[in-house]
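Just follow the structure's listing: the first ligand is 1, and inside any ligand the first atom is 1.
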Amino acid sequence: MNLTKRAQFLRWAKQYGDIFYLRLGLQDVIVLNSAEAADDLLTTRSRIYSGRAAPHVAQDILSDGQRLLFLPYEREWKIARRAIATAAGPAAAKRIRAFQEMESRTTIFDLMHHKSRGPSHVQIANAHGVPEGHWFHLMRRFSNSVPMNVAYGKRVSRIVDNPQMDKLYDLVENFSRVSQPGHYLADVVPLLRALPDWLSPWRVQAKKMHEWEMGLFGGLLEEEKTILSKGAARDNFLNTYLRARAAGGYADAPGNGLVGDVWMRDKMLAYTAGSLLEAASDTTATALLAFVLAMLCNPDILQKAREEIDSIAGPGRMPTFDDVERLPYVVGCIQETLRCRAPVIVGVPHRADEDDEYRGYHIPKGATVIGNAWAIHMDPVRYPDPTAFKPERHLGGPALRRAGGPDPEGRAHYAFGFGRRFCGGKDVAEASLFILCARLLWGIDFRAPSDPATGTPRLPDFRGEEGTWSPGFISTPVPYDVEFAPRSAEHADTILRSFEELQDEWRDMGLPGDER
Ligand code: HEM
């Protein structure tokens, strides 16, 4: 969604109240702008509102109907989602913490050594328009390495020359662009779908994009199958699934959809594993980049968060997951980042699968229903002074601080969505954010470079809109420069020692060490 449309949505929310109706082409669209309306429909009545209003070109052609995010609320989605829960649900998230802990040590080491390469590096734009050598890539490496490990048992060990990671970020950006409502006329005018290929360049283009996506997702599936054919049983989503499917009698299951009504066939499996990658990488990276910006724009809050960390961990010891209950203000900073700038800024649209009535309005079957996270997060009743960054809003006890879940009571924010379509990796995401943000605050001094002419920090405005955040489905900060350094010689020593020990730990796990 571009900036103008986003601003328009908020203006309409202010003008027309917490629920309004739009017509986009032939599509009925209902926008829910308050927590109450979104909870009432998307959570309490989730039996009706868990479908997806999938754009025809992005789902039926580009994804060949296999992308989890846009699957209708039917059998295929339930099977895929159950499989994801075993790999990234709350129980799995506890196991994944060990890997996140290790990757955070690498990232802290990388940040400590990061040097901006000066103005010339800005010329070489890498994946997603981020300059080569920019610190954004350090956060993206971390955010991509976690789901790479969950889905495929791999890790991203380099900070440059990661073709699979670059392609993934390109793929997410492309998908985010082409799945915008109305991007293709054929999305809103179904008659056009009957035209032959020679009159439908959009279809030919989308089929090519599908082949390009399968180059990544299908290639990763084939790699894992080859590993498995040599007898290697590994503890990752694909390997575990392929073994279970073989035990269920379907070692080979080419094609789309399900086999035996229970198992995903290959293409669906490739897309489901790929969904883990695409759902986890850019969202987590965006939250991390927004967190750093929020801290830089609010030095008093940064100072307070540091003091909390310093009160529990000295320079000789990094904070760990066991410290989470003792760091409520740091957790509050993370929650407040997600509230002020939810990465999926207006949420992923749901679909009404039946006719319904709500507060005297008729909601027709097939309507797109949007839980507008942005408007909910800017509601001055729920969040007084909503544009201000106030971590203390979230200090209301463990449930409120940690919540973000499908429970409508006491939620800190709605950045992870609604009801049965609620984010499939929320616990993994929260753990990634906690461990990296806590360690960043603990060990690294970070500041915006000063403008040589004025002497003031050169920084986009966290509360601004134009020029700070990218347009699109995922609203990420545009690249901004930061200078990083260890907070003290003792902190540097701890980070270095931990990084050196880590190399043996990677080897023991059969994973590549950090190539620096
Ligand atoms: C800060 C990080 C993240 C944010 C803000 C985020 C947010 C979201 C949102 C808003 C949705 C759509 C919910 C709805 O339709 O109401 C979603 C879906 C999903 N997320 Fe996340 N997510 C994050 C990280 C992750 C991670 C780390 C994983 C996996 C390890 C993950 C897996 C998924 C999956 C599989 C879905 C698809 C749900 C479906 O359509 O059934 N997400 N996420």
task = Could you tell me whether the side chains of Tyr21 and Asp28 share a donor-acceptor contact shorter than 3.5 Å?
result =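 The criterion, which ignores hydrogens and geometry beyond distance, is satisfied for Asp28 and Tyr21.
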Would you list the atom pairs, donor with acceptor, under 3.5 Å between side chains in residues 212-222 and any protein atom, with sequence neighbours excluded?
unit_1 : atom_1 : unit_2 : atom_2 : d
Glu213 : OE1    : Arg67  : NH1    : 3.0
Glu213 : OE1    : Arg67  : NH2    : 3.4
Glu213 : OE1    : Tyr271 : OH     : 2.6
Glu213 : OE2    : Arg67  : NH1    : 3.4
Glu213 : OE2    : Arg67  : NH2    : 3.0

Please confirm whether [X] comes under 4.0 Å of ligand 1, counting heavy atoms of the residue only.
{"X": "Pro147", "value": "no"}
{"X": "Leu69", "value": "yes"}
{"X": "Trp77", "value": "yes"}

ask   = Which residue pairs pass the side chain to side chain donor-acceptor pair (under 3.5 Å) test when at least one of the two sits in residues 286-296, sequence neighbours left out?
value =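 Listed by first then second residue: Thr286-Thr476.
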query = Tell me, which protein residue and heavy-atom name are nearest atom 40 (O) of ligand 1, and how many Å apart are they?
reply =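 I find the closest protein heavy atom is Arg52 NH2, 3.0 Å.
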key: Identity and distance of the protein heavy atom lying nearest atom 38 (C) of ligand 1   =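 Going atom by atom, the protein heavy atom closest to atom 38 (C) of ligand 1 ends up being Arg81 NH1, 3.1 Å.
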query = Are Tyr414 and Trp374 close enough, and set up right, to give a ring-ring contact (aromatic ring centres under 6.0 Å, His included), and what steps lead you there?
reply = CA-CA 9 Å; Tyr414 286 75; Trp374 201 44; over 10 Å; no
request  = Assess Arg420 against Tyr73: is NZ or CZ under 6.0 Å from the centre of the six-membered ring, and within 45 degrees of the ring's axis?
outcome  =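 Not satisfied by the 6.0 Å and 45° rule.
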Out of all atoms in ligand 1, which are within 4.0 Å of some heavy atom of [X]? Include the element for each.
{"X": "Leu276", "result": "29 (C), 30 (C)"}
{"X": "His350", "result": "14 (C), 15 (O), 16 (O)"}
{"X": "Leu68", "result": "35 (C), 40 (O)"}
{"X": "Pro343", "result": "5 (C)"}

Purely on distance, is any nitrogen or oxygen of [X] under 3.5 Å from one on ligand 1?
{"X": "Arg421", "result": "yes"}
{"X": "Thr284", "result": "no"}
{"X": "Ala287", "result": "no"}

ask   = Relative to atom 21 (Fe) of ligand 1, how many protein N, O or S atoms have a separation of less than 2.8 Å?
value =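 Under the 2.8 Å cut-off, the count stands at 1.
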key: Ion pair Glu101/Arg105, N-O distance below 4.0 Å   =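 Yes, Glu101 and Arg105 are salt-bridged.
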Asp514 with Arg155: basic N within carboxylate O range, under 4.0 Å =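 Judged by the 4.0 Å cut-off on N to carboxylate O distance, Asp514 and Arg155 do form a salt bridge.
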request  = Return yes when atom CG of Asp355 has more than 12 non-hydrogen atoms of other residues, nucleotides or ligands closer than 6.0 Å, and no otherwise.
outcome  =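 It does: Asp355 CG has more than 12 such atoms within range.
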Working for salt bridge (Lys or Arg N to Asp or Glu O under 4.0 Å), residues Asp353 and Lys365 = CA-CA 5 Å; Asp353 285 338; Lys365 177 178 174 179; over 6 Å; no
inquiry  = Which option wins on minimum heavy-atom distance to atom 10 (C) of ligand 1: Ala415, Ala93, Ala151, Ala285?
reply    =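 Minimum heavy-atom distance to atom 10 (C) of ligand 1 goes to Ala415.
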query = For atom 12 (C) of ligand 1, which candidate among Ile474, Thr272, Val348 holds the nearest heavy atom?
reply =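 The residue whose heavy atom sits nearest atom 12 (C) of ligand 1 is Val348.
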ask   = Under the 3.5 angstrom rule, does the side chain of Ser63 hit a backbone N or O of Ala58 as a donor-acceptor pair?
value =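 Such a contact is found between Ser63 side chain and Ala58 backbone.
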query = Do side-chain atoms of Glu36 reach the backbone of Ser34 as a donor and acceptor pair under 3.5 angstrom?
reply =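 No: the side chain of Glu36 does not pair with the backbone of Ser34.
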ask   = Is Arg420 touching ligand 1 with its side chain, its backbone, both, or neither, if touching means heavy atoms under 4.0 Å apart?
value =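 It is neither; nothing of Arg420 touches ligand 1.
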query = Of all residues at least two apart in sequence or in a different chain, which pass the salt bridge (Lys or Arg N to Asp or Glu O under 4.0 Å) check with Asp322?
reply =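 Partners of Asp322 by the salt bridge (Lys or Arg N to Asp or Glu O under 4.0 Å) criterion come out as none, since no residue qualifies.
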task = Would you please test Asp266 and Lys225 for salt bridge (Lys or Arg N to Asp or Glu O under 4.0 Å) and show each step?
result = CA-CA 10 Å; Asp266 282 355; Lys225 278 186 165 179; 2.5 Å; yes
